[in-house]
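Predicted model, so just to flag it, every value in this text is computed and none were measured. Throughout, protein chains are lettered first and strands after them, A, B, ... in sequence-line order, and every chain is numbered starting at 1.
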Protein chains: 2
Amino acid sequence: MSDVKTRPPEAAKRGRPRLDELTTSDLESIPALETIIGYRLRRAQLYVFQDFIESFTRMKLRPAEFSVLSVMARRPGLKQTEIAEELGIKRANFVALMDSLERRGLAERRKADTDKRSHSLHLTPEGVKFVRKMMAVWTAHEERLVEKLGGPEERDRLIELLDRIVARD
Amino acid sequence: MSDVKTRPPEAAKRGRPRLDELTTSDLESIPALETIIGYRLRRAQLYVFQDFIESFTRMKLRPAEFSVLSVMARRPGLKQTEIAEELGIKRANFVALMDSLERRGLAERRKADTDKRSHSLHLTPEGVKFVRKMMAVWTAHEERLVEKLGGPEERDRLIELLDRIVARD
DNA sequence: ATCGAATTGTTATGATACAGAACAATTAAA
DNA sequence: TTTAATTGTTCTGTATCATAACAATTCGAT
């Protein structure tokens, strides 16, 4: 009662493939997105970041900020550009990020006396305390992931494979 | 000649850790970013997308558009919302994306006669040809990645691990 | 020691990705 | 039939990311 144009009857039920497009015979060999590395990688990364973000909403901390605080905790005194480059953040975009951490009293820029252009970056005492809490939250998040993966060995396997992708040679 | 303030001499050389922050004794136990799943996942995903994007600049095709064309090729006739949801794209943001594909003559919205609200999405004949070329480019990209991973078995291992992460249960 | 080139932090700007609210047309449910 | 839900859409806001330009400073080659 609704089909006005002539058309194979089974094609009328929407949701069924219409084969009259121009035969998609060879297009049947198109890989499903499920088999595409980049697609799966992205979905997994989105999932992990989602969990991470939710874990840190209460602390008002975003992934990039987490990474910066981590580096400052382990290697205080690095210059802005050094940290930015290591984390793959453009130094132009690093400024606002560092401004925010400084405004919150978690980190500070110190004028380096050997090079008046650069700033060396450090956690404040308050920042140190913050990082301790941050790491506790992170540990819970990470353990959740390791469990989903099936144990620490699987985590290591995953990281090793990811390494191969990103290794430049 | 440059050190004005009293300070341990070795700390004067920038780049060396200053331990006078408030002892970071226990902070030494902070995990390096290299051991953090989310961080490694993100870096790997960025790398793969970078390669993908470069591969498709000539065709002026972005990852999201690739994924939409893929789905339309394999399962023509799906509604906008169905594709968007499957790909994790908000239907609001899907509109411009589909507009673009339609303007380029690669895809089209057909008014579904059973539900006047919805559109069923299809490749145009030109879109079919485009997808063939697209898949050739994609194959080269994917083979590059598989080689870096060390073979198809490693690719499968990776995908399986990524699956575990994103599997909801 | 000087002059041109490179570096550092910064600002400004634009492109893109992503999320939420609201709305009209239409369909489904009560 | 009235009410509620769905579909596509527009609008808007925010976060992310890249690029260009600039002043202050340092470095390098003479």
Roughly, in whole Å, what's the span from [atom1] in [X] to [atom2] in [N]?
X      : N      : atom1 : atom2 : value
B:F94  : D:dT6  : CZ    : C1'   : 17 Å
A:Q45  : C:dA17 : CD    : P     : 15 Å
B:E82  : D:dT7  : CD    : P     : 8 Å
B:I53  : C:dA15 : CD1   : P     : 17 Å
A:E102 : C:dG9  : CD    : C1'   : 12 Å
A:R110 : C:dG9  : CZ    : C1'   : 18 Å
A:I83  : C:dT8  : CD1   : C1'   : 14 Å
A:L97  : C:dT11 : CG    : C1'   : 16 Å

Original post:
So A:M72 and A:E108, side chain to side chain contact (heavy atoms under 4.5 Å, CB included) or not? Walk me through it.
Top reply: CA-CA 10 Å; A:M72 286 193 300; A:E108 62 178 358; over 6 Å; no

Original post:
Is the backbone of A:K79 close enough, under 3.5 Å, to the side chain of A:E82 for a donor and an acceptor to pair up by distance?
Top reply: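 Between the backbone of A:K79 and the side chain of A:E82 there is a qualifying donor-acceptor contact (under 3.5 Å).
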
Original post:
Would you find a donor on one side and an acceptor on the other, under 3.5 Å apart, between the side chain of B:T124 and the backbone of B:G105?
Top reply: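 Indeed, once roles are kept as given, a pair shorter than 3.5 Å links the two residues.
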
**OP:** List the protein contact pattern of nucleotides 23-30 of chain C with one symbol per nucleotide (5' to 3'): B for base contact, S for sugar-phosphate-only contact, - for none; contact means a heavy-atom distance under 4.0 Å.
**Re:** --BBS---

**OP:** Answer yes or no: does a side-chain N or O of B:T81 lie under 4.0 Å from OP1 or OP2 of D:dG8?
**Re:**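 Indeed, a polar side-chain atom of B:T81 lies that close.
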
Original post:
Under 4.0 Å: is that the gap between some side-chain N or O of A:K79 and OP1 or OP2 of C:dG9?
Top reply: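 No.
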
What are the atom names and distances for every N/O pair under 3.5 Å that joins the protein to nucleotides 16-19 of chain D?
unit_1 : atom_1 : unit_2 : atom_2 : d
D:dT16 : OP2    : A:R62  : NH1    : 3.2
D:dC17 : OP1    : B:R42  : NH1    : 2.9
D:dC17 : OP1    : B:R42  : NH2    : 3.3
D:dA18 : N7     : A:N93  : ND2    : 3.1
D:dA18 : N6     : A:N93  : OD1    : 3.2

**OP:** Answer with yes or no whether the side chains of A:Y39 and A:R43 bring together a donor and an acceptor at under 3.5 Å.
**Re:**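 Result is yes, a qualifying pair exists.
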
Subject >> Residue that, paired with A:D115, satisfies side chain to side chain donor-acceptor pair (under 3.5 Å) out of A:K111, A:R117, A:H119 >> reply: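 Answer to the side chain to side chain donor-acceptor pair (under 3.5 Å) test with A:D115 among A:K111, A:R117, A:H119: A:R117.
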
Original post:
Excluding sequence neighbours, so at least two apart, what forms ring-ring contact (aromatic ring centres under 6.0 Å, His included) with B:F56?
Top reply: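 Testing B:F56 for ring-ring contact (aromatic ring centres under 6.0 Å, His included), a comparison that skips the adjacent residues, returns B:F52, B:F66.
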
Original post:
Any ion pair linking A:E126 and A:K129 (charged N to carboxylate O, less than 4.0 Å)?
Top reply: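 Looking at A:E126 together with A:K129, the answer is no, because their closest N to O distance does not fall below 4.0 Å.
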
**OP:** Decide, yes or no, whether a salt bridge links B:E160 with B:R157 under the criterion of side-chain N to carboxylate O below 4.0 Å.
**Re:**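 Answer for the salt bridge query: no.
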
Subject >> Close side-chain approach of A:L121 and A:M98, heavy atoms under 4.5 Å >> reply: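 Sidechains of A:M98 and A:L121: in contact.
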
